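The block underneath contains the structure these notes are about, expressed in structure tokens.
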Amino acid sequence: MPLPTADTVWPPTDERVQAALADWDAWYSSEPDRLELRYSGRGYREAIDRPAQHRGGVVGRLARWFWGNPVEDGQKREKLHVPLAGDIARTSAELLFSEPPTIQAAEGASDATQDVLDTLLETGLQPTLLEGGEVCSGLGGAYLRVVWDEDVSDRPWIDTVAADRAVPEFAYGRLRAVTFWTVLESESQDDRRVFRHLERHEKGRIYHGLYEGSAGSLGMVRPLADHPVTAPLAAMVDAEGGLDTGAPKNLTAAYVPNVRPARAWRHIPTAAYWGQSDFQGIEGLMDALDETYSSWMRDIVNGKGRVVVPSSMLESMGPGQGASWNEERRVYTGLNMLPRPGDPNPLTVVQFEIRVQEHRDTCQALMEQAVRQAGYSAGTFGESDGQAVTATEVKARNRRSLSTAGRKGKYWQPAIADITAAYLAVLSGFRFRMSGLDLTPPKVELQDGVTEGPIELATAAELIARAEAASKETLVAMVHPDWDKDQIKAEVAQMKKESDLADPATTGAEGPGPGFPAPAGQQQSEDDGEA
């Protein structure tokens, strides 16, 4: 189905979904200005002071967020932000892709297919997956798509798109088509028009369109040549604004939900198959964390020592200039002043208490609850004490985090397999004409971010060898998890060769060579014969 031909509301997503995505985007950005703008103005371009924030009752309670409290005119904003949301998103990506995934061509595939997959990993697929993992955690989903530009590279590559820049179409939970959209920069800063580039992916086809509208509407169709960003596409598309990908059986885009189901959107038909953000349900905890931390910093400011002095100790700056107090001065002339009863010291030092422990405990409790609700262990976000720990201990401390990463990996593996299959199909199509490629989806395995050390691996292999519960190939693969099949077979052959050289029964030797003592039992028999 081609792109829209008439003006329509954009994005055409349920308002509840758009509002949630905008909130999560503000938290993920870790920018106080965007948080204040989002919660005080609810998406307005300029923050406004809503009457609901000063009102009691239900409406007032709903509007009264820490980041929604208006700052009085002329006052400095003293709110501080703890970027916990960004830390959660980054940790989620690192748990999944801190080690590059293993992408193995299908059984019986040509060596050229595996070489292409290896080159894809070496030329930047892992950073793309790390980027996708972050936005997927923060916004509830991410897309992978195959793109190409002959002016940039002679091969296509895989790109990632955040969930709030796409309009998907699902069929029973499977992605059938998706439209990506990008807001293009206007030539003039005073230009209020909004130009959008729409890119729709269907099986075997990609449609491109340029639209001129406003902030909330798509607007009218414009020729691709009217904007410098889309002008190169004008000569590539056909009369329908589309082009063939060279892979008629493959969709050149894949959707990765963060986790399913999305609890808040189960009853929204257009968003029922979307993923759920890690920030879902913890926005209030992160807001309270910022409020607590800001209160802590306010205690520090209030705790600065102040000295109250009598007016007689001030030095006049001249008529109409006021008076000042020099706190660095060491010697003063005698002062004619009456001492206060019971207080011989005319100076008063004001020092407020800084409630360090109370604020630290509250911040820690809020953070632990937030990361737990997001599906992670508190130890994953804590600092190490510097002592060496084994991989088993690390896994025990971070069991909840690793379980969440394993759950998310179940969504990433088929998506990576589908998009790499589409990548192979595009390479073998009429655009790039690379022959000898197997288009079967490859096998994808995500690596464990917490790996055992050599001592732990050797100990485990020794125990399994004593129990005679595994072959030599299995043991070598266990000790060297980063080796491929050829390296494992070569190592097993070398071990067998060294074992045969050390065994007299296999070398045909009748006894120890010159200069080597005979075994104890053999030596005693020879002595008895001579006697």
Side-chain angles (χ1 to χ4, degrees), residues 1-53 63 65 67-68 70-71 73 77 81 135 138-139 143 145 147 149 159-168 178-201 206-237 240-242 270-271:
M1 184 178 67
L3 294 170
T5 57
D7 188 13
T8 183
V9 176
W10 202 266
T13 311
D14 190 280
E15 292 183 0
R16 292 167 289 181
V17 177
Q18 294 184 42
L21 289 173
D23 288 347
W24 298 337
D25 178 63
W27 286 108
Y28 176 62
S29 70
S30 299
E31 295 181 3
D33 290 340
R34 295 181 64 176
L35 283 168
E36 192 172 69
L37 180 66
R38 183 63 197 163
Y39 280 91
S40 61
R42 303 306 301 174
Y44 291 1
R45 292 187 179 275
E46 294 181 0
I48 60 174
D49 187 3
R50 287 192 168 186
Q53 294 165 333
W65 289 70
W67 282 106
V71 179
D73 293 339
R77 185 179 66 191
H81 175 56
V135 297
L139 300 177
Y143 295 85
R145 62 178 176 179
V147 296
D149 187 339
D159 185 27
T160 184
V161 182
D164 60 349
R165 288 297 179 267
V167 181
V178 58
T179 302
F180 302 112
W181 53 280
T182 306
V183 176
L184 304 179
E185 186 176 359
S186 300
E187 296 181 359
S188 174
Q189 296 181 354
D190 298 332
D191 192 352
R192 296 185 178 181
R193 297 176 299 173
V194 177
F195 290 92
R196 293 183 179 89
H197 171 216
L198 269 59
E199 177 183 324
R200 179 179 175 82
H201 287 243
I206 298 178
Y207 295 92
H208 293 276
L210 177 65
Y211 295 82
E212 177 188 343
S214 60
S217 65
L218 183 60
M220 304 304 296
V221 182
R222 295 289 300 273
L224 291 172
D226 286 0
H227 197 281
V229 174
T230 58
L233 299 171
M236 302 180 186
V237 299
E240 294 183 343
T270 57

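Along the sequence shown, the residues carry numbers beginning at 1. Fair warning: this is a prediction, and the values are worked out from it, not measured in the lab.
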Closest non-hydrogen contact found for Leu218 with Trp10 is N-CB, 3.8 Å

Smallest heavy-atom separation, Ala225 atom then Ala234 atom, equals N-CB, 4.2 Å

Here the gap from Leu233 atom CG to Leu224 atom CG, rounded to the nearest 0.5 Å, amounts to 6.0 Å

Correct closest heavy-atom pair for Gly209 and Leu3 would be N-CD1, 3.3 Å

Practice prompt. Using atom types as modelled and distance alone, determine if a side-chain donor or acceptor of Thr179 lies under 3.5 Å from a backbone N or O of Arg200.
Written response: no

- Message: Ring-plane angle category for Phe195 and His227, please: parallel below 30°, perpendicular beyond 60°, tilted otherwise.
- Response: tilted

Nearest heavy-atom approach of Val17 to Ala271 is CG2-CB, 3.7 Å

Notebook entry, point to check: Quick one: does Glu199's side chain get under 4.5 Å of Arg145's, heavy atoms only?
Noted result: yes

What one should report as the nearest heavy-atom pair of Val229 and Leu184 is CG1-CD2, 4.0 Å

Problem set entry | Full working for salt bridge (Lys or Arg N to Asp or Glu O under 4.0 Å) between Asp25 and Arg38 | CA-CA 10 Å; Asp25 178 63; Arg38 183 63 197 163; over 6 Å; no

* Asked: Below 4.5 Å, heavy atoms only, C-beta onward: do His208 and Thr230 meet side chain to side chain?
  -> no

**Report entry** Derivation and outcome, side chain to side chain contact (heavy atoms under 4.5 Å, CB included), residues His81 and Trp27
**Finding:** CA-CA 10 Å; His81 175 56; Trp27 286 108; 3.8 Å; yes

Phe180 vs His197 side-chain heavy atoms within contact, under 4.5 Å
no

* Would you call Val135 and Tyr28 a side-chain contact if the rule is heavy atoms closer than 4.5 Å? -> yes

For the pair Gln18 (side chain) and Thr13 (backbone), establish whether a donor and an acceptor sit closer than 3.5 Å, ignoring hydrogens and angles. yes

Legend entry - Close side-chain approach of Pro223 and Leu210, heavy atoms under 4.5 Å: no

Query raised in the report: Any side-chain heavy atom of Tyr143 sitting closer than 4.5 Å to one from Thr160?
Result: no

Value for CZ (Arg16) from CG (Leu21), rounded to nearest 0.5 Å, stands at 13.0 Å

**Prompt:** Within 45 degrees of the axis of the six-membered ring of Trp181 and under 6.0 Å from its centre: does Arg165 put its NZ or CZ there?
**Reply:** yes

Interatomic distance, OG1@Thr5 vs CE@Met220, rounded to 0.5 Å, equals 8.5 Å

Leu198 and Pro4 have their tightest heavy-atom pair at CD2-CD, 4.2 Å

Worksheet item: Would a distance-only check, ignoring hydrogens and angles, find a side-chain to backbone donor-acceptor pair under 3.5 Å from Arg196 to Ser217?
Response: yes

**Item:** Student check: side-chain heavy atoms of Tyr211 and Val194 closer than 4.5 Å
**Value:** no

